[in-house]
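Below is one structure, written out as structure tokens, with a few remarks after it.
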There are 2 protein chains.
Amino acid sequence: MTLAKIRPIENFSQVDKIEMSLQEYLRAENFQPGDALPKEMELAEAMGVSRTAIREALSRFRTLGIIESRKNRGMVIAKPDVLNNMERVLDPQLLDDETMNEIFEMRLVIEMGLGDVLFLRKHNANFSLLEKIVEKEERATTQLDIVECDIEFHSMLYKLSGNKTIMRFQKLLRPVFDHVYAKLSENAEAYTDNTLNDVTPVTHRDLLHTLKYGNPEQFRNQMYTHLFDYFKELNPALRAASS
Amino acid sequence: MTLAKIRPIENFSQVDKIEMSLQEYLRAENFQPGDALPKEMELAEAMGVSRTAIREALSRFRTLGIIESRKNRGMVIAKPDVLNNMERVLDPQLLDDETMNEIFEMRLVIEMGLGDVLFLRKHNANFSLLEKIVEKEERATTQLDIVECDIEFHSMLYKLSGNKTIMRFQKLLRPVFDHVYAKLSENAEAYTDNTLNDVTPVTHRDLLHTLKYGNPEQFRNQMYTHLFDYFKELNPALRAASS
DNA sequence: GTCATACATATGTCGTACATATGTATGATT
DNA sequence: AATCATACATATGTACGACATATGTATGAC
């Protein structure tokens, strides 16, 4: 055993090496979406490995959406969907609590920052959709309906931002968000009621009004107040107590 | 040919079906990180397919980080890294301009919303690190040094947020951010200078001071002003002109 | 009881053969 | 000559069988 150090990171599988080699090759040759890749056999021969190994490496790229392949057309570089890979893994059943709390927080952060984009795109925004949701909420009676309208309202804000990536990101994070919120709520039932003590609550109608007639600064501050319930949950002391 | 409709979405590959079947199985049986999976041969026999096909389906899960496998220990459910999959695909060379613009914007949104988390965790924040960066920046002479300090400052804000997921997200988005910004800058050289016309610029020192002695509201507004140059680039008219 | 050795086992790699779908060339029909 | 149907070639998809390799377990020597 001539182990220079405790474990020379020759821990890489053969397929791992092939994958890296391929990645480098694609970069170096400046492959772009639509470009055709060499055939599997050519790659296998060029790298001196079996087709099986090559295929497994290619399978990884295919899984990530970097390449696509069809029966006789061969393989081509694809335009990967950045969020799709994340989506397949965002399973509350698999993620640990810390990560989910951080994702929960991330969604709040995005929601806070979203206001400025909304004002940036105000001119072509369709406020009537938002208006409808607010009205529906005000007519709602059951708690379930109210919650549903709440979700709709915030989803619509994302939609109005005009940023499809952010919108998809929100949709994608929702299960985690709901999961964390449900968990936090049951650990701290009293918190839903004593919010009125410190600040005047900001309704969705308030936000809509500010969006239409106010300025970004007002909107930011109102949104913070509106989300304050959630932000409170993120207090480290509370977090420690709930874990 | 008994095609009921033009194309019954039997377009799924065999491996696709195996993958779905496995996914469902894992959900139904409530598999959790650490749990061992059946052996490849058992799965193959149970589903009536070859080990090759099973292995390709499993390879996808392995690629996504849902499972891990070692030589004799078999396979176990893993805790997937939500961002790792995204990272492997965030290649400016592969993504289209629209997506990259949206990611650029997303980073701004996060940066805007980050302030409130910073104030939430103020008490255990280490401002001296931020202080050092600001000082270094003020002593900097070359444009390159200044840019570097700028990046350092904002990175440090992420770090001080205490949210590791958001922090990693920022690191991950940086290449795209830089790529888009470089592109925007060269298309609109004049914009760097005429910022002083409308608003008084907010320096990093201002931000630091507000973070220490001010309140979230002030910080939000200052950060918006600080990032205004970037936000301006997102003006739809400018975006259309640059594409 | 500790250590070294041999064995069993599950994943990793390989080679080959065949299935399947897609593109291309061939040839018949009008 | 243009169009359509057919046959063929080709590259990926699937399958099977064999062996390599690493890890856990049992066996046995001292």
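A, B, ... follow the sequence lines: proteins, then strands. Residue 1 opens every chain.
With salt bridges taken as basic N to acidic carboxylate O contacts below 4.0 Å, none links B:Glu68 and B:Arg62. For the pair A:Asp178 and A:Arg107, the salt-bridge criterion is not met [side-chain N within less than 4.0 Å of a carboxylate O]. Salt-bridge annotation for B:Arg27 and B:Glu24: absent, with no side-chain N of the basic residue lying under 4.0 Å from a carboxylate O of the acidic one.
Of the N and O atoms on the side chains of B:Tyr158 and B:Glu111, at least one donor lies less than 3.5 Å from an acceptor on the other residue. Side-chain atoms of B:Asn126 and B:Ser128 include a donor-acceptor pair closer than 3.5 Å.
Within a heavy-atom distance below 4.0 Å of DNA chain D, the residues of residues 51-73 of chain B found are B:Arg51, B:Thr52, B:Ala53, B:Lys71, B:Asn72, B:Arg73. Looking at residues 26-45 of chain A, you'll see A:Lys39, A:Glu40 sit with a heavy atom under 4.0 Å from some atom of DNA chain D.
Residues B:Phe177 and B:Gln170 are not in side-chain contact: their nearest non-hydrogen atoms beyond the backbone lie 4.5 Å or more apart.
Under the side-chain contact (heavy atoms from CB on, under 4.5 Å) criterion, A:Ile133 pairs with A:Glu152, A:Phe153, A:Met156, not counting sequence neighbours.
A:Gln14 has a side-chain polar atom (N or O) that falls below the 4.0 Å cut-off from OP1 or OP2 of C:dC14.
Along DNA chain C, the nucleotide nearest to A:Val49 and the one nearest to B:Met75 differ in position, and the one closer to the 5' end is contacted by B:Met75.
Atom pair B:Lys17:NZ and D:dG13:C1' shows a separation of 13 Å (rounding to whole Å applied).
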inquiry  = Apply side chain to side chain donor-acceptor pair (under 3.5 Å) to residues A:Arg174 and A:Ser155 and explain how you reach the verdict.
reply    = CA-CA 10 Å; A:Arg174 201 150 75 197; A:Ser155 296; 3.0 Å; yes
